[in-house]
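Here the structure comes first, spelled out in structure tokens, and everything after it is commentary.
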Amino acid sequence: MPRYNPAVVEPKWQAYWAEHRTFAAPRMPTGEKLYVLDMFPYPSGDGLHVGHPEGYTATDIVCRFARMRGRSVLHPMGWDAFGLPAEQHAKRTGTPPRITTEKNIANFRRQLQMLGFSYDWDRELATTDPDYFRWTQWIFLLLFDTWYDAEARRGRPLAELPIPADIKAAGPDAIDRYRDDHRLAYQIEAPVNWCPELGTVLANEEVIGGVSERGGYPVVRIPLRQWMLRITAYADRLEDDLKEVDWPEGVKALQRNWIGRSTGAEVDFYVGHPVAGIGTVAGVTDPGPASLRPATAGATAPPLTSGLSPLASPSGATAGLPSSASPSPGATGSASASSGSSLSNFADWKAAREKSPFPRKPADDVLRIYTTRPDTLFGATYMVIAPEHPAVARLTSPEQKSAVDDYCDRAARKSDLDRTDLAKTKTGVFTGAYAVNPVNAERIPIWIADYVLMGYGTGAIMAVPAHDERDFEFAQQFGIPIISVVQPPVAGGVAVAGVIDPGPAHPVAGVIDPGDIQTRPASLRPATESSSPPLASDLLPLASPLSPLACFSGLGTAVNSGPYNGLDTATFKERITADLAAAGVGRQAVNYKLRDWLFSRQHFWGEPFPILHELDSSGQPTGRLRALEPADLPLDLPAMTEFKSHGRPEPPLEQAPADWLCPTLGGVRYKRETNTMPQWAGSCWYYLRFIDPKNATAAIDPQLEAAWMPVDLYIGGAEHAVLHLLYSRFWHKVLFDRGVVTTSEPFRKLVNQGMILGEMEYTGYQRADETWLSAAEVREDAAGQTVGAAQEVVTVVKLAPDVVQKQGDAFVLSANPAIKVDSRAYKMSKSRGNVVNPDTVVAEYGADSLRLYEMFMGPLEATKPWSMTGVNGVRGFLDRVWRLFINDRIDERNELSPAIDDSPPTPDQLRVLHRTIKEVTHDIESLGFNTAIAKMMEFVNYFTKLTTRPRACLEPFVLLLAPFAPHLSEELWQALGHKDTLAYEPWPKWDDAAIRETSIEVPVQISGKVRSKITVPADASKEQLEAAARADAKVSELLAGQTVTKVIVVPKRLVNFVLK
RNA sequence: GCCGGAGUGGCGGAAUGGCAGACGCGCUGGAUUCAAAAUCCAGUCCUGGCAACAGGGUGUGGGUUCAAGUCCCACCUCCGGUACCA
């Protein structure tokens, strides 16, 4: 008998589709278009993972469904084929990366075709095709030729960049430099994450916790010439336009967070004028050693800064800021007799600033900081600059030079690993310099610490330990005073215990809302690397750094803030920002966590940059760049035979043959750029090329672009929530600004498929003597060993499901219920040995079963464990479908089951059919594939029981099933006597009239509990329903003698009698 | 710490505020078979009861409502991401 045999049916239809180019999309859409895209895979040597077909099946169902509904569907597939693994394979075996890549692509293509996805294979592309990366390089040139006009909020051609007069006057070289400074693609010499093991530099996001994301190798920071893309210019648009797209809120939140926009103020702190030659600051560095104690390392006495005075008399100034004419009387830095000059300088400076606007770039006499809490300016007790800050040398006093040099050296050498994992305690060093707080003329010490990052804001901060956790920790560590300037809100109308009187006294934040506060015994004050600010032992600290303190970083009411006292945080911020601006010492500022995109890699297997470096007669680079002409693209990789890493950060292409590496153009010798582009480059725009993959004269035809864009549905893994999606949005916006594309966003709707875990596992734990211990006692020790309560090493034992049972909310050994075991599913991994290979599944169950199971497991976006018996279950369903149609008593050919006839369907049968059509249709539209399949199962269960099955019901069912199990459906469609593929058959329509039931069963509740059920006409009115309910024997019995206070009747739903 | 997501039978999971557990897996019983596989039929949340039926039940504790898995408040647990961004 012919049983359902996918091994025969599936290849047959795959061949048919390929031969007939069934799924080739039209060049231009006819009618309504639908562009459905999968995140294309990196074709690894391991082949497809069962995680891949999850999203691919979902999009395939949507596409097949849409075709049957008459839409023009674009559904392409390609390969993100540049990448490190092929290059590492080349290093090991000498096989050129292109060979490895092609082999892997062939395998991936075979696997995808084996699953019957309806891709338009005519549009297949790989990022490694010269015909493709020609245009990747072209887009790079476009970025290179674009500057961002912040006022117009868009990228414009470099030719339109206005050149300031002074630059113009300085000559052509200055103009070139000015232009280079404004390109979206630019070069910098920057510390990068060099990974010796991988032989490459990694982007920040490729370094996780100080080791490489791939492989987990250590990473160190070294300076290197790099290409950067100015994505930060687009930060606000990338954030704003998230409003336009239909994406999961979680992904949008991740992107917003990554962009990390914050609003605050930049404020200049006066530091005085540099003294020629020495690099210290005359104005504010404590001058004479006479007033200093030697800054001995490990000093245990609380190091005090000078001049922190109570703010009892916050100057008579009526404006918020002390006027330059009358500096705050308490602010004269009384600790050091010689500091008067700094204040008079400060006064001059302030006076000058009041007359001129806030300078665009800070001069050397100030330290510019960025803060989101300008309302805490009065609480600033020190400053911190990053070790890489350009002002470090300038601010360091001779006494501190060796300590500072030492600290900065170490910071520079520190890998990210050192900065994260090991940096449990704050470190820092005093520069010897002081800055003057513009709001109260206080002199505060300037420190260097690596908790301030050069890459954010201005690389310098004012530290407000009372209201910032990090500053608080640092201040605790180094004994720096802590001044409270924000009173936490009172809880429930009553001041919380511990708040100090905000009167003239001070300061120390006492307390308060446990949520926002962190207390810390002052006793933990390790003597850390530092040299302390000079001591002024005759001064009493206002806030003893030794007393237990608290840090409050929330919003509240201003105290100790002169004229601003009593303001709430928000109002204060607004007002002081305006006041600072008026005084010429500050301005409102916006900052982003987002950094410019490090765009070069030291790989061979990536897109070469279409850039030439001009060489002088001695072969040295002149610093002038020359971009290749678009007509000269693609620039292909050179033929190379040697891929071995030379272990230096320079790229492998440095070893390229000379004729590639050093071309001569127009008599000038050049050296090619030897960095290559990162893997993200190719995936940044592939969705555009799919629309016009063979175009030899443009990246994409504008007409086609306008017709097909945007991508209507984009499905892929959540791991791309930030990088890939942010990078492609960035490129897309540049292409939009430059008129290449017509939409501001590339992907209208985005869905992340969930992760597929391995099979559920039960795990028990045994001691060396084979006695069991409970899972609750087991943990991992510092070395990653699994140990028991007594530190003994235990063995992990995989248990069969039949030796465990559920007890309460945990699983225990059936043989010994006192022993709890772990039960969970783990991420698939080679090391755990729980990887499921699609080839195996297809061989055993067929592609349709695999597809169906992937969809039936649960909601698309959920994380779910694999289950082979589950696959077997859906295979059982497909077997039943087969037998519903095919007479399995005949061997030779597919003959319809004798139960199928042309009899007119009964109303019941029609109801089942139409309900199924309606529900399956709705479920596909909402991507609820698991429930769609359940509805089809119900259909099959119903019709299997019938001995006569009207063809009029079964034929539409085949069409419903087709998007899910296309091979089987085509086979059945053919057996039903159709000649052509069903791929373009009209999707069945349902008739609500056929679904409508004449009578329905409605529950009757008494005080909310179901007590009976009544059968009533489907369209029964409220009154009829209530009457029918009262008439019910059981209900009337229960209602007898009771007082009904309320009757709720919901037509078609229920009747509820509420008793007293 | 922070940001997401999720907690419902033995398992995967269903439920526009309106009969909790659709559908599937597994399990139990039956039919078929010499036997098995396959297939078909029936049952399967828990407790009590022969049964009809009664009571309980969606992570925990409160609340709103005639009615809560679903809405609100507080918390617990797990999974994923992220981390000195001033």
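What you see below is based on every heavy atom in this structure, not just the backbone, and it leaves out hydrogens, waters and symmetry mates. Letters A, B, ... are given to chains in the order of the sequence lines, protein chains preceding strands, and every chain is numbered from 1.
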Kindly indicate whether the side chain of Lys1013(A) and the base of rC19(B) share any N or O donor-acceptor pair separated by less than 3.5 Å?
yes
Classify the side-chain pair Ser849(A)/Tyr4(A) by whether it contains a donor and acceptor separated by less than 3.5 Å.
no
Rounding to the closest angstrom, what is the interatomic distance between rC75(B) and rC3(B) at atom P?
13 Å
Rounded interatomic separation in angstrom, taking OH from Tyr826(A) and P from rC79(B)
10 Å
Which parts of residues 868-877 of chain A get close to RNA chain B, meaning a heavy atom less than 4.0 angstrom away?
Thr869(A), Gly873(A)
How far, in whole Å, is rC11(B) from rU64(B) if one measures between their C1' atoms?
35 Å
Flag for Thr427(A)-Tyr451(A): side-chain donor and acceptor within less than 3.5 Å:
no
Counting only side-chain N and O atoms of Arg824(A), is one of them less than 4.0 Å from OP1 or OP2 of rC79(B)?
yes
Go ahead and name the base partner of rA67(B); Watson-Crick or wobble counts if both distances stay under 3.5 Å, otherwise write none.
none
Exercise: do Ser1012(A) and Asp1032(A) side chains pair donor with acceptor under 3.5 Å
yes
With no hydrogens and no angle check, do the side chains of Ser553(A) and Asp468(A) hold a donor and an acceptor under 3.5 Å apart?
no
Report the base-pairing partner of rG1(B) (Watson-Crick or G-U wobble, both distances below 3.5 angstrom), or none.
rU82(B)
Flag this pair as yes if the NZ/CZ of Arg883(A) is under 6.0 angstrom from the six-membered ring centre of Phe885(A) and inside a 45 degree cone about the axis; otherwise no.
no
Mind checking who rU44(B) pairs with, Watson-Crick or G-U wobble, both distances under 3.5 Å?
rG26(B)
Expressed in whole Å, how much space separates the P atoms belonging to rG10(B) and rA6(B)?
23 Å
Within the 3.5 Å criterion, strictly below it, is a donor on Asn887(A) or Ser897(A) matched to an acceptor on the partner's side chain?
no
Letter per nucleotide, 5' to 3', of nucleotides 54-68 of chain B [B base touched, S only sugar-phosphate touched, - untouched; heavy atoms, 4.0 Å]
SSS---------B--
